[in-house]
Amino acid sequence: MVVTRFAPSPTGYLHIGGLRTALYSYLWAKRNNGKFLFRIEDTDLARNSKEAAEAIVEAFKWVGLAHEGEIVYQSERFDLYKSYVQKLLAEGKAYKCYMSKEELDALREGQMARKERPRYDGRYRDFTGTPPAGVEPVIRIKAPTSGVISFVDGVKGEVSFNASDMLDDFIIARSDGTPTYNFVVVIDDALMGVNEVIRGDDHLSNTPKQIILYQALGFDVPKFYHVPMILNPEGKKLSKRDGAVDVMEYKREGYLPEALLNFLIRLGWSHGDQEIFSFDEMKEWFDPNNINKSASAYNQEKLVWLNAHYIKQASYERLIEELRFFDVDLSLHVKKELLIDALKDRAKTLVEFTHLAKQILEAPMCYDEKAVEKFLNDDAVIILEHYLEALKNEKMVQEASEFETFTKAFLEERGLKLKDLAQAIRLAMVGSSVSPSIFEVLEIIGYENVIERIQKLISFKRS
RNA sequence: GACCCCAUCGUCUAGUGGUUAGGACACCGCCCUCUCAAGGCGGGAACGGGGGUUCAAGUCCCCCUGGGGUCGCCA
């Protein structure tokens, strides 16, 4: 059975790159009827926060990736890790190192000055004398000093490292007794039964260290997939300066989670020429073995296009529900379906959707200057006034088709074209020269409000 | 600097020795049209460079260049 996991460290929000590896892990587990587990890597008590862990879980909920079982918190498993440290110590596979931080820093500085790769020199590897007083030791693993460590990565293919220029006796437990990252990752993955690890390729060079640990601990080494990083549009590492990296920021900006997921799955992976993937299709076809080897640049336009696509596809109920987050409640509006139909081809995000909706729902507070100048000259005001009179005399016009019939008859009597009046009406309705079809807008706004808005524009122009 | 990884249109990608190098986003043009979108049709646009191997190289090998990652008592 395939068991995968997502294991973020709670130092902030859920990063977009993290979400992508989580998605891949989730999909691969689902495709194989396996399990997708969730673990919070909070061994560094000083840097982690409860709030950050909660924020990540919340983001996970938003995108709809469900994990199996309880969330594992590493901070609650220190005793477990300690027992494995003791085991390695007892077996002579790890040892106490009494080197102080100052000594270590001095060693590194010297190495850097000589342009060498900074590394521990192994001075306590075979130490048997009496330890220096007043130094709490760290625990180091005895790593091989020669040979080659290689593994077959599901994405990169065969990768190998020379132990001699890669490894040193790295620390598995700090002087305060807490275990370090590489150590706990290995123990937890092994104990949780994780056998396929999909993660960012920034972990590629940690992998030989972890393999050493798997072997020292007597665990099976899992299959690794190192997925390339997401770059910014300039091809550099994605950072906060490049816009949204926090997943929840996408929610605030009006993106649908399925658009985000669809965007992420196509960043580095493909299924022929297909662009749009339903969640079921993702689960059916995703395979980490054909993830692209090269890094891909974040491309906002594609996300926007995908989002527009999913907005077009969304049901009335869904859209009404999503819009609540932006303080727009359409549920009681009599023309809500017409409104939604009119806007969903035009809004690229839900934020845009709310702006467009409000523009129609609320009478304009001001008018676009250029539009007034261009479409509301003296002749146009007169036509509009006549139109207003005619409309008042008509008593009641309701549907878009009725507004259209009425308007066209009005124009024909005067030998005018729709062009001569349409923009003036639009200006009266929404305050600008851009809107959905005016007849639909008129129906949505309703006879009485239409009259009011036309009157308002005329008096604005006349004053 | 050392080590590791990578390299097809501007971007995401298809391509696994023989292709007019395909699709999508973006861009441009046309159609539709009450504006703006949406939609339809069409267009420009790529194999980083140099050596090999081969009848044949975007595809295999080497070098260069360029990019990315990692080198913590962070994860």
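First the proteins, then the strands, lettered A, B, ... as listed; each starts at 1.
Salt bridge status for A:K302 with A:E275: present, with a side-chain N to carboxylate O gap under 4.0 Å. A salt bridge does not link A:D368 to A:K370: none of the charged side-chain nitrogens sits closer than 4.0 Å to a carboxylate oxygen. Looking at A:R5 and A:D189, a side-chain N of the basic residue comes within less than 4.0 Å of a carboxylate O on the acidic one, giving a salt bridge. A:E412 has no carboxylate O lying under 4.0 Å from a charged side-chain N of A:R414, or vice versa, which leaves the two without a salt bridge. Salt bridge status for A:D165 with A:R117: absent, with no side-chain N to carboxylate O gap under 4.0 Å.
Heavy atoms of A:S296 sit under 4.0 angstrom from primed sugar atoms or phosphate atoms, though from no base atom. Residue contacts shown for A:M99 include a base, since a base heavy atom lies under 4.0 Å away. Among the heavy atoms of the strands lying under 4.0 Å from A:L267 are primed sugar atoms or P, OP1, OP2 only; no base atom is included. Counting non-hydrogen atoms under 4.0 angstrom, A:T43 reaches the backbone sugars and phosphates but no base. At the heavy-atom level, A:G268 lies under 4.0 Å from the strands shown only through sugar-phosphate atoms. Looking at heavy-atom distances under 4.0 Å, A:S270 makes contact with sugar-phosphate atoms alone, never a base.
Cation-pi check for A:K50 over A:Y73 is met; the charged atom lies under 6.0 angstrom from the ring centroid and within 45 degrees of its normal.
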Nucleotide by nucleotide, nucleotides 3-10 of chain B touches protein heavy atoms under 4.0 Å in the pattern (B base, S sugar-phosphate only, - none) SSSSS---

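For A:F127 and A:Y95, the ring centers sit 6.0 Å or farther from each other. Taking the centre of each ring, A:W269 and A:F277 come in below the 6.0 Å mark.
Taking only distance into account, the side chain of A:D42 never meets the base of B:A75 through a donor-acceptor pair shorter than 3.5 Å. Within 3.5 Å, a donor on the side chain of A:E275 pairs with an acceptor on the base of B:G23, or the reverse.
When each of B:C73, B:U70, B:U13 is scored by its nearest atom to the side-chain atoms of A:D202, the top-ranked nucleotide is B:U70.
Rounded to a whole angstrom, the distance from the P atom of B:C71 to that of B:U13 is 25 Å.
Within the structure, ring-ring contact (aromatic ring centres under 6.0 Å, His included) pairs that include any residue of residues 413-441 of chain A do not occur (at least two apart or interchain). Residue pairs meeting the side chain to side chain donor-acceptor pair (under 3.5 Å) criterion with at least one partner in residues 222-232 of chain A, sequence neighbours excluded, are A:D153-A:H226, A:E196-A:Y225, A:R199-A:H226, A:T207-A:H226, A:N232-A:D242.
Contact check of residues 104-113 of chain A against RNA chain B (heavy atom, cut-off under 4.0 Å) returns A:L104, A:R108.
To the nearest 0.5 Å, atoms CG (A:L238) and CD1 (A:I16) are separated by 8.0 Å.
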I'd like a list of close polar pairs between nucleotides 30-34 of chain B and the protein, N/O only, cut-off under 3.5 Å.
unit_1 : atom_1 : unit_2 : atom_2 : d
B:C34  : O2'    : A:R426 : NH2    : 3.2
B:C34  : O2     : A:R426 : NH2    : 2.5
B:C34  : N3     : A:S437 : OG     : 3.4
B:C34  : N3     : A:I438 : N      : 3.3
B:C34  : N4     : A:S437 : OG     : 2.5

Distances under 3.5 Å between nitrogen or oxygen atoms of protein and nucleotides 38-47 of chain B:
unit_1 : atom_1 : unit_2 : atom_2 : d
B:A38  : O4'    : A:D345 : O      : 3.4
B:A38  : O3'    : A:K312 : NZ     : 3.0
B:G39  : OP1    : A:K312 : NZ     : 3.4

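Rounded to an integer number of Å, the gap from A:L231 CG to B:G66 P is 17 Å.
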